[in-house]
> 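This is the structure I have questions about; it appears just below.
Quick note: numbers below take in every heavy atom, side chains included, and nothing from hydrogens, waters or symmetry partners. Everything numeric here is computed off the predicted structure, so don't read it as measured data.
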Amino acid sequence: MKSLRFQLPLFCALILANYTSSFAQAVSEKKLQGGVTGSVGLNFPKMGTNLLTGASGFSSSFGVSFTKASKESQNIALTAGVEFDIDKINYAVSDQDVFYRFTDKQIKTKGETVSTDLFFNLTERTYEPLYLALPIGLTFRTDFIGDYRGLLRFGLRNRFLLTNTVDDKGYVVPFAGSVNGSAEENIGMKVSKDLFFYNANLGISAGVEWNFSGSTCLVAELGYSYGFMPLHLTGKEQNYTLFTVDQTTLAENYFRNQATLNQAQLKLTLLF
């Protein structure tokens with residue numbers, strides 16, 4: 001009787017192990033997996049101008065993801081998806097005073113300025129863009145060990161700008177070049193022809209896939225993306241909005257922010 005009490009839990013454990021391993025085997029044999037995905041992380045602007053400095057900002061994404069195993073091996077798969085990226089990209093002004101003209105919620109480009117514009121002495125800026133992301137990558141996976149397998153992913157993330165607003169801190173000043181004004185926050189400002197409509201980065205991530213129920217899996221991965229495309233348009237000076245002022249001649253010297261964007265993210269994907 002005593003031995004039966006030890007044998008019964010062992011027998012149940014063997015049945016459970018065989019049951020769960022059969023699920024893992026079923027998942028490992030699936031050619032196509034699809035599900036929902038989301039991530040949180042940090043943005044790190046890499047600057048191309050000395051007039052502004054970059055600061056870390058928040059990033060998040062959500063969407064759907066698909067994984068298709070190759071015909072030759074289950075350990076190699078193609079991953080793609082459709083996601084929405086919500087970013088906060090932070091800048092601060094360096095040593096020299098930076099200004100722009102605005103009317104109501106519209107930040108004016110050099111070619112749009114009129115005599116009734118107000119002047120803003122900028123100290124901090126936060127971009128809040130919404131991107132449509134189309135990631136594609138190559139995934140290398142181990143065999144399942146119990147309910148778990150490891151993965152390593154390389155990929156390209158293509159991003160297309162949908163909307164963008166700007167939140168600024170600084171001072172409303174009576175004229176360009178003045179540093180005496182009232183402290184203000186310009187929230188929800190619109191600026192056209194600033195962010196480039198296409199942005200892309202190269203990413204690498206490592207993670208674990210957990211087959212926790214039936215053929216349902218949870219993938220957790222840590223990744224880093226290197227931005228190689230410019231965030232801002234740098235073509236025509238008529239589209240520039242920011243400028244410095246020569247204190248001797250009061251001449252306005254327009255410039256364009258130059259930056260790329262690196263990202264570190266924690267991503268969770270639920271696959272079926």
> D87 and R159: salt bridge (charged side-chain N to carboxylate O under 4.0 Å, His left out), yes or no, with the steps?
CA-CA 12 Å; D87 287 340; R159 311 201 308 166; 2.8 Å; yes

> Using modelled atom types only, decide if a donor and an acceptor are shared between the side chain of S60 and the backbone of S39 within a distance under 3.5 Å.
no

> Got a sec, which residues hit side-chain hydrogen bond (donor to acceptor under 3.5 Å, both in side chains) with T37, two or more places apart in sequence or on another chain?
T269

> Cluster question for you: counting only ILVMFWY and a side-chain heavy-atom cut-off of under 4.5 Å, with indirect links fine, are F102 and F243 together?
no

> For D117 and V114, indicate whether the former's side chain and the latter's backbone hold a donor-acceptor pair under 3.5 Å.
yes

> Give me the one residue out of F119, F120, Y254 that meets ring-ring contact (aromatic ring centres under 6.0 Å, His included) with Y100.
F120

> Test of understanding: with salt bridge (charged side-chain N to carboxylate O under 4.0 Å, His left out), list the residues that count as partners of K267, not counting sequence neighbours.
E83

> Is any NZ, NE, NH1 or NH2 atom of the basic residue among K88 and D167 found under 4.0 Å from an Asp or Glu carboxylate oxygen of the other?
no

> Closer than 3.5 angstrom, by distance alone: can the side chain of K30 be matched with the main-chain N or O of F272 as a donor-acceptor pair?
yes

> F140, V219: one ILVMFWY side-chain cluster at the under-4.5 Å cut-off?
no

> Please report the interatomic distance OH(Y224) to CD(Q263), rounded to the nearest 0.5 Å.
9.5 Å

> Is it the case that the side chain of D246 and the backbone of T249 share a donor-acceptor pair, with hydrogens and angles ignored and the cut-off at 3.5 Å?
yes

> Given side-chain hydrogen bond (donor to acceptor under 3.5 Å, both in side chains), test D143 with N75 step by step and report yes or no.
CA-CA 7 Å; D143 293 330; N75 300 116; 3.1 Å; yes

> Is the backbone N or O of N50 less than 3.5 Å from a side-chain atom of S94, with the two atoms forming a donor-acceptor pair by type?
yes

> Does any part of the side chain of Y127, heavy atoms only, come nearer than 4.5 Å to the side chain of T165, both counted from C-beta?
no

> If only side-chain N and O atoms count, and only distance matters, is there a donor-acceptor pair under 3.5 Å linking T139 with R153?
yes

> Can a donor-acceptor pair be found, under 3.5 Å and without considering hydrogens, that links the side chain of N90 to the backbone of S56?
yes

> Under 3.5 Å, side chain of D85 to main-chain N/O of S61, donor-acceptor pair present?
no

> Measure the NZ-OG1 distance between K110 and T241 for me, rounded to the nearest 0.5 Å.
12.5 Å

> Of all the heavy-atom pairs spanning L270 and L218, show the shortest one and how long it is.
CD1-CD1, 4.3 Å

> Indicate yes or no for a side-chain donor-acceptor contact from K105 to the backbone of I187 under 3.5 Å, with no hydrogens or angles considered.
yes

> State the CZ-CG distance between F144 and N211, to the nearest 0.5 angstrom.
5.0 Å

> Hey, what do you get for OG (S225) to CG (N262), rounding to the nearest 0.5 Å?
8.5 Å

> Ignoring hydrogens and angles, tell me if any N or O in the side chain of D168 forms a donor-acceptor pair with the backbone of N186 under 3.5 Å.
no

> Minimum heavy-atom separation for T260 to M229, with atom names?
CG2-O, 3.5 Å

> Answer yes if L156 and F160 sit in the same cluster of Ile, Leu, Val, Met, Phe, Trp and Tyr residues linked by side chain heavy atoms under 4.5 Å apart, and no otherwise.
yes

> Would you say that more than 12 heavy atoms from the other residues, nucleotides or ligands in this model lie under 6.0 Å from the NZ of K31, or not?
yes

> side-chain hydrogen bond (donor to acceptor under 3.5 Å, both in side chains) with R101: which residues, sequence neighbours excluded?
E252

> Please give me the minimum heavy-atom distance between A259 and Y91, naming the atom from each residue.
CB-OH, 3.6 Å

> Any side-chain donor-acceptor pair under 3.5 Å between N239 and T109?
no

> With distance as the sole test, does N121 use its side chain to make a donor-acceptor pair with the main-chain N or O of Y171 at under 3.5 Å?
no

> Taking the side chain as C-beta and beyond, is there a heavy-atom pair between L78 and I136 under 4.5 Å?
yes

> In the structure I gave you, are the side-chain heavy atoms of E112 and T103 within less than 4.5 Å of one another anywhere?
no

